[in-house]
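Sequence lines set the chain letters: A, B, ... in the order given, protein chains first and strands last, and positions in each chain run from 1.
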Amino acid sequence: MNNHQVAEIFSAMADILDIMDANYHRVMAYRRAAETVDTLGRPVEEVWRQGELMSIPGIGDTLASKIDELMRTGELEAYQELTSQVPEGVVAMLDVPGIGPKSAARFWKELGLTTVEALEQAALAGRLRELHGFGAKSEQNVLDGIAFLKRRTGRSRLGDAWSLAQSILSQLRDVPGVLQAAPAGSLRRMRETVGDLDILVASPDAQPVTERFTHLADVDEVMLSGATKTSVRTRSGLQVDLRVLEPERWGTALQYFTGSQAHNIHLRGLALDRGLSLSEYALKSADESEILCASEADVYATLGLPPIPPELREDRGEIEAALEGRLPDLVALDDLKGDFQFHTTGSDGRHSLLEMARAARARGLAYALVTDHSHGLGVTGGLTAEGLRQQRAAVDAVNERLDGTFQLLAGIEVEVRSDGSLDLPADALAELDLVVASLHTGLRQPQEQFTERMVSAIRNPHVDIIAHPTGRLIGEREGANLDMEAVFRAAAETDTALEINAHPSRLDLRDVHVRRAVELGVKLVISSDAHSVEGFDVLRFGVGTARRGWATAADVLNTLSVLELLTWASRT
DNA sequence: GCCGTTTTCGGCCCGACTGTTTTCAGTCG
């Protein structure tokens, strides 16, 4: 039983307990455990086998024994018991925006509704208003919520949300009176997907900002609009929340709206320990006097903490680390001196070697590794051994032309065949500065088989870097079933680097795997996987993912100079 | 259900907005 399956069960138990009106904090304990297990970065089964379940934050006696039961038997009696008490369809009502546990329980118990469909019919028939406290508006909200559920697009990819945010921010910054405007929420934390977009604006007058916001061309529907808070739905289906605040409260507001919720709850608990109450408006002492924070650093400093980078704010130990003065010095975009994967017209890229080199240089990079596909990946028109030799000569020519202002490195994205061998001969690979190996096929192989191919590629003496290890495509494809611990161990042992592919559809390795890799001493590279000159712009998302995985500059090969890198490449 | 340099019992973040209420409960983040 894998982490996600355990998390799903705890999460479902939380929903059911919520509907049954269990103690709120008990419900939260299940939710927190689900989140923690889901993002653990290593198999919970392994932690269980080592008898260390209780070392996981939020897992105590009871939940540890439940995980134990799941691991031993594949089932959980308490879960069966709960599912037998509340109909599945009633739990499904929680997915409808605006319907929470209290409403779902009443629809079920007072109206006998046990499915979302039945709820919709009842709302259409005007039956919901029979309930005390429900009127026509509530009924319509239920219908709107169900309609939304049916056309829901799910979470947006980081890259898409980023672009939309930039567009909205640039328009709001034009509004008179606006002093600051910034994205917050999961976008600022650089999560791989974004459920809704949070935009924060500092202005003495909210009204004109709200006015402009609700009339943006992207806006499809205004969902709610109050004095300081406005929510809209954009044409792409993404919800955008705007908050307008006084400039002197910017620090507390930005801190609050950046989240995560779990981080904030933990931080507010810490504030209470210090006799302070923290909200988005201020820190308040027991006598209700306010401490205003114009910057986030002020908020953390008032609580006796160094500033915690947004990417770490998931309540995964960052507050404890801050308290103990052992926050990592995270790798930053400016630290990157090079890129480790891009494509040209030599395979499936759109631009030439020279165009790509100039584009990389224009983005402040000192070097980049060209990695066209090898011929084995048929659809890309990849390179044969002979094509590769010709490209090697072309790389030298471009380097001469750029006259020391930039260095192209000769590489390849070589295909790992189904038997774990590479589809180019060793002598061709030996000519290259660095070799990147990829598995594009057989992603549905059983875990053991795929892991074996991967580990065999890692152990191949010619291979320096493994590209996008799991092959996942966010929102489209799960990625291979891979024993990541085995991969990390082999990579650490052979000093083979693993890629963080920065493309917003990949972000592979993902954040929690980066963290585990860093713990095990695995070297990382951040790669744009650019297929055109614009493609280098995605590196920021790779850096965000590395930061979410607690990676420092020392963990990431992109921070090496080209000489240092070539020294690393000559390791045995 | 978890957790502990105040505690092994009694806490567990805080506020906006909505719809229905005459002061608040539910939902959301």
In whole angstroms, how far is the P atom of dC14(B) from the NE2 atom of His266(A)? 14 Å
Mind checking if Ala22(A) touches a base, just sugar-phosphate, or nothing, with heavy atoms under 4.0 Å? nothing
Rounding to an integer number of angstrom, what distance separates dC17(B) and dC3(B) when you compare their P atoms? 35 Å
How would you label the contact of Ile265(A) with the nucleic acid (heavy atoms, under 4.0 Å): base, sugar-phosphate, or nothing? base
Can you list, in residue-number order, the parts of residues 293-327 of chain A that come under 4.0 Å of DNA chain B, counting heavy atoms only? none
Where along residues 28-58 of chain A does a heavy atom come under 4.0 Å from DNA chain B, residue by residue in number order? Ala29(A), Tyr30(A), Pro57(A), Gly58(A)
Select base, sugar-phosphate, or nothing to describe what Asn23(A) touches, counting heavy atoms under 4.0 Å on all strands. base
Option from Val514(A), Leu330(A), Val331(A) for which side chain to side chain contact (heavy atoms under 4.5 Å, CB included) with Val556(A) holds: Val331(A)
Please work out which of the three classes, parallel, tilted or perpendicular, describes the rings of Phe541(A) and Trp162(A), given edges at 30° and 60°. perpendicular
Please determine if a side-chain N or O atom of Ser225(A) lies less than 4.0 Å away from the OP1 or OP2 oxygen of dA16(B). no
Watson-Crick/G-U partner (both atom distances under 3.5 Å) of dT8(B): none
Grab the NE2-C1' distance between His25(A) and dG1(B) for me, whole Å please. 11 Å
Would one find a side-chain N or O of Tyr281(A) under 4.0 angstrom from OP1 or OP2 of dC14(B)? no
Relative to the 5' end of DNA chain B, which residue comes earlier, Leu276(A) or Lys66(A), by the nucleotide with the nearest heavy atom? Lys66(A)
Do the side-chain N or O atoms of Asn141(A) get closer than 4.0 angstrom to the phosphate oxygens (OP1, OP2) of dG19(B)? yes
Does Ser285(A) reach the main-chain N or O of Glu288(A) with its side chain, forming a donor-acceptor pair under 3.5 Å? no
Side-chain contact test, heavy atoms from C-beta onward, threshold under 4.5 Å: evaluate it for Met223(A) versus Phe148(A) and give yes or no. no
Donor + acceptor pair across side chains of Gln121(A), Glu117(A) (<3.5 Å): no
Starting at the 5' end of DNA chain B, which residue's closest nucleotide do you reach first, Arg106(A) or Thr230(A)? Thr230(A)
Within the sub-3.5 Å range, which N or O atoms of nucleotides 27-29 of chain B have a protein N or O partner, and how far apart are they?
residue : atom : partner   : partner atom : Å
dT27(B) : OP1  : Gly100(A) : N            : 2.7
dT27(B) : OP1  : Gly100(A) : O            : 3.0
dT27(B) : OP1  : Ser103(A) : N            : 2.9
dT27(B) : OP1  : Ser103(A) : OG           : 2.7
dT27(B) : OP2  : Lys102(A) : N            : 3.2
dT27(B) : O5'  : Gly100(A) : N            : 3.4
dC28(B) : OP1  : Gly98(A)  : N            : 2.5
dG29(B) : N7   : Gln261(A) : NE2          : 3.3
dG29(B) : N2   : Tyr256(A) : OH           : 2.5
dG29(B) : N3   : Tyr256(A) : OH           : 3.1

Just how far, in rounded Å, is P of dT5(B) from CZ of Arg274(A)? 12 Å
Regarding dT5(B), purine or pyrimidine glycosidic angle vs 90° from 0 gives anti
What nucleotide among dT20(B), dG1(B), dC17(B) has an atom nearest to a side-chain atom of Lys137(A)? dT20(B)
What nucleotide among dA16(B), dC2(B), dG19(B) has an atom nearest to a side-chain atom of Thr228(A)? dA16(B)
Would you list the pairs meeting side-chain hydrogen bond (donor to acceptor under 3.5 Å, both in side chains) in which at least one residue belongs to residues 169-179 of chain A, sequence neighbours left out? Ser167(A)-Gln171(A)
Please report, rounded to the nearest Å, how far the P atom of dC12(B) is from the NE2 atom of His263(A). 19 Å
Just the rounded figure in Å: distance from C1' of dC14(B) to CD of Glu290(A). 14 Å
Heavy atoms under 4.0 Å, any strand shown: does Ser277(A) hit a base, just sugar-phosphate, or nothing? sugar-phosphate
What is the distance, to the nearest angstrom, from the CZ atom on Arg243(A) to the P atom on dA16(B)? 7 Å
Once rounded to the nearest 0.5 Å, what's the spacing between atom OH of Tyr281(A) and atom CD of Glu290(A)? 11.0 Å
Any residue in residues 70-77 of chain A with a heavy atom nearer than 4.0 angstrom to DNA chain B? Just list them by number, or reply none. none
Which residues pass the salt bridge (charged side-chain N to carboxylate O under 4.0 Å, His left out) test with Asp21(A), sequence neighbours left out? Lys102(A)
For atom CG of Asp144(A) and atom C1' of dG19(B), their distance in whole Å: 14 Å
Output for pair (Glu314(A) CD, His263(A) NE2), nearest 0.5 Å, gives 9.5 Å
Length of the CG-C1' vector between Asp273(A) and dC3(B), whole Å: 12 Å
Distance, C1' atom - from dT5(B) to dG1(B), rounded to whole angstrom: 24 Å
Taking 4.0 Å as the cut-off, does a side-chain nitrogen or oxygen of Ser279(A) come that near to OP1 or OP2 on dC13(B)? no
